[in-house]
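Ligands are counted one by one from 1 in listed order, and the atoms in each one are counted from 1 as well.
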Amino acid sequence: MSTPNWAARLAASFVVACTGTSLCSSIASASSDAVRNQLARTDCVRGKFKDYYLQDQGGNPPVSYKGRVFKLSQNYPNQLPPKENYPWLKIPFKDGGPVDARAYLQAMLDYGLEGNIEVDFYVEDNKTRRWYGAPWMDWNTEVASDWPGTDGREYIHGLTHEFDSAGNTFGEAQVGFVDTWAQAYMNDRYGFGLGQVYCDPDDPKPGALNPDPTGLNTFPDGSFVIKLLFSTVSEAELPTVKGAFEWDANIYINKDPQFRNAGPLSRFERRTEKVRLIQIDLQVRDERSTTGWLLGTYGYNGNAKGDTPWKRMVPLGLQWGNNPKVTFAETCAGPNGPCDYDKLTEQWINRQAVVDLATPPLNFNHLGYGGRLAGPVDNPKSSCMGCHQTAGFPTVPILAEFAPNGSILKLDAQKHPETAQSLRMMYFGNVPGGAVFSDTQLYSADYSLQLAMGLQNFVSLRCAANASGPRPSLCDELANWVRLQQSALSALQTFGTPGPGGAPIKP
Ligand code: HEC
């Protein structure tokens with residue numbers, strides 16, 4: 001596959017673009033649809049990604065399984081589909097956020113569910129609009145302690161394994177670990193971005209998310225994701241899960257990550273069990289937002305009004321920024337609160353839900369750092385936008401606690417979240433979508449952690465020493481990056497130290 005000559009194509013686009021007035025004016029704004037389309041690669045190869053974990057390598061459903069098998073919707077459009085008259089556009093913005101956040105969140109949910117419930121989220125059958133899934137989640141390593149690839153998609157609905165919630169996360173009756181299994185569905189404008197990165201499925205280009213190399217590496221405006229998060233939690237463990245929407249999923253028999261990760265691989269054995277829909281995450285690119293994105297979430301409450309489980313999903317909150325200057329001590333009295341949300345102006349929290357879900361026997365805490373929004377099954381030391389702003393290639397730690405800096409600074413988020421704010425608050429910044437979070441990254445994945453993780457999964461297999469086939473260009477880029485990072489770090493120890501004759505010490 002030929003590599004596009006960006007410079008020539010860009011030069012051509014300026015010539016063409018400025019002969020027509022509409023394109024002339026749009027080129028002044030950030031990577032308009034016309035520019036993205038003009039520079040988009042159209043010679044893309046589709047249909048090459050695996051659907052589920054170890055497909056055709058021992059992971060196929062047994063012959064006794066007669067149900068539907070998950071297929072990744074991966075026929076990404078080569079031309080940017082036009083914007084729709086999205087329902088959330090009706091809601092005006094003030095100071096980078098919607099004036100009616102609850103209505104905005106509802107509009108997002110309605111759009112995400114439309115036509116998808118009817119087809120049981122086998123989204124390629126949706127009659128209203130096209131939906132897609134992210135590549136390379138069939139083989140997925142969620143955290144470093146997990147055995148490589150084992151978190152990959154199961155074969156019934158394509159769910160990946162996520163957070164393990166330790167005992168007592170949801171309520172007093174939940175004693176042991178419960179697992180979260182989830183799947184995200186992307187609209188056509190988001191799918192276009194994915195398709196540009198993976199135009200050549202064997203040689204992804206993370207920097208081509210926006211085909212315009214002069215722009216930020218963004219998804220186009222109107223890109224949207226709905227993510228369904230299922231838990232293995234039972235009604236006995238969590239009474240409010242009664243009547244939740246259920247799926248069969250082929251998941252780990254053993255729910256304890258410490259047991260599984262001690263190995264051998266057979267401890268990751270899967271079988272088909274019920275999982276219950278406990279959370280719905282929503283994410284949209286809306287240029288009016290402070291960061292370019294809004295992330296919101298719903299939690300299931302079996303006691304809520306509504307004649308279907310979908311209607312018993314309760315809005316928990318919406319975030320469009322992290323309020324990067326508001327330290328922990330300014331909002332929360334201590335590690336377990338109480339917190340004052342008024343200073344966090346770049347989010348909306350459903351305060352009634354906060355009270356309802358934290359009243360015994362429930363223990364739900366869907367709030368993250370300093371009272372910022374996070375989901376019930378998310379890490380409470382973080383926030384939606386905090387984790388997502390880090391998305392890029394290569395991946396970086398999504399929380400201060402996971403970074404090497406964290407261990408040197410002896411962070412103790414359980415007891416002292418208010419200390420070491422100079423490092424911690426970096427994880428609660430407002431990275432402009434399409435710019436990298438850290439100088440240890442080469443490309444932004446514009447708040448998409450599935451895009452970031454998928455690329456990391458790709459290199460973990462395709463750049464391995466025993467990998468077969470042509471070597472993807474990303475492998476050498478990553479190898480060079482590692483070498484230069486290592487020498488830059490080593491040089492810190494000799495920087496400014498005189499060597500023989502007063503000369504710098506050569507690394
Ligand atoms: C502790 C870090 C963390 C927090 C907090 C978090 N996420 Fe995520 N999120 C992830 C990771 C990692 C992925 C990719 C893995 C996956 O989806 O399997 C992801 C994936 C997603 C996706 C799929 C598209 C994408 O960007 O990859 C959506 C939508 C999403 N999250 C929304 C939310 C919302 C809304 C919140 C807050 C309620 C939230 N997330 C909080 C880490 C986080």
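Shown in contact with L282 at under 4.0 Å from a heavy atom are these atoms of ligand 1, numbered in order with element: 35 (C). Within the listing of ligand 1, atoms 26 (O) sit less than 4.0 angstrom from a heavy atom of Y447. Contact atoms of ligand 1 toward S382: 5 (C) (distance under 4.0 Å to a heavy atom of the residue).
Looking at Q319 against ligand 1, nothing comes within 4.0 Å, counting heavy atoms. When non-hydrogen atoms are compared, ligand 1 lies under 4.0 Å from the side chain of T160 (C-beta onward) but not from its backbone. Within the 4.0 Å heavy-atom criterion, both parts of C384, backbone and side chain, lie near ligand 1. Residue Q450 touches ligand 1 through backbone and side chain together, judged by heavy-atom distances below 4.0 Å. Only the backbone of S383 comes within contact range of ligand 1, with a heavy atom under 4.0 Å; no side-chain atom does. In L451, neither the side chain nor the backbone holds a heavy atom less than 4.0 Å from any atom of ligand 1.
Ring-centre distance between Y155 and F70: not below the 6.0 Å cut-off. Residues F224 and Y86 place their aromatic rings such that the two centres sit no closer than 6.0 Å.
Relative ring orientation between F268 and Y252 is described as perpendicular, the plane-to-plane angle rising above 60° on a 0-90° scale split at 30° and 60°.
When only modelled atom types and interatomic distance are considered, Y104 and D286 share a side-chain donor-acceptor pair under 3.5 Å. In the model, T297 has a side-chain atom that pairs as donor or acceptor with a side-chain atom of D281 under 3.5 Å.
On a distance-only criterion, L449 and ligand 1 share at least one N/O pair closer than 3.5 Å. Residue-to-ligand polar distances place K227 within reach of ligand 1: an N/O pair is separated by less than 3.5 Å. In terms of polar-atom proximity, N140 is not counted as a contact of ligand 1, lacking any N or O under 3.5 Å from an N or O of the ligand. At least one N/O-N/O distance between E162 and ligand 1 falls below 3.5 Å.
Using a cutoff of 4.0 Å between basic side-chain nitrogens and carboxylate oxygens, D51 and K71 are scored as salt-bridged. The existence of a salt bridge linking E162 and K227 is confirmed by a sub-4.0 Å separation between a basic side-chain nitrogen and an acidic carboxylate oxygen.
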D120 and W247: side chain to side chain donor-acceptor pair (under 3.5 Å), yes or no, with the steps? CA-CA 9 Å; D120 205 22; W247 264 351; 2.9 Å; yes

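Every residue two or more places apart in sequence or in another chain was checked for a salt bridge (Lys or Arg N to Asp or Glu O under 4.0 Å) with K410, and none qualifies.
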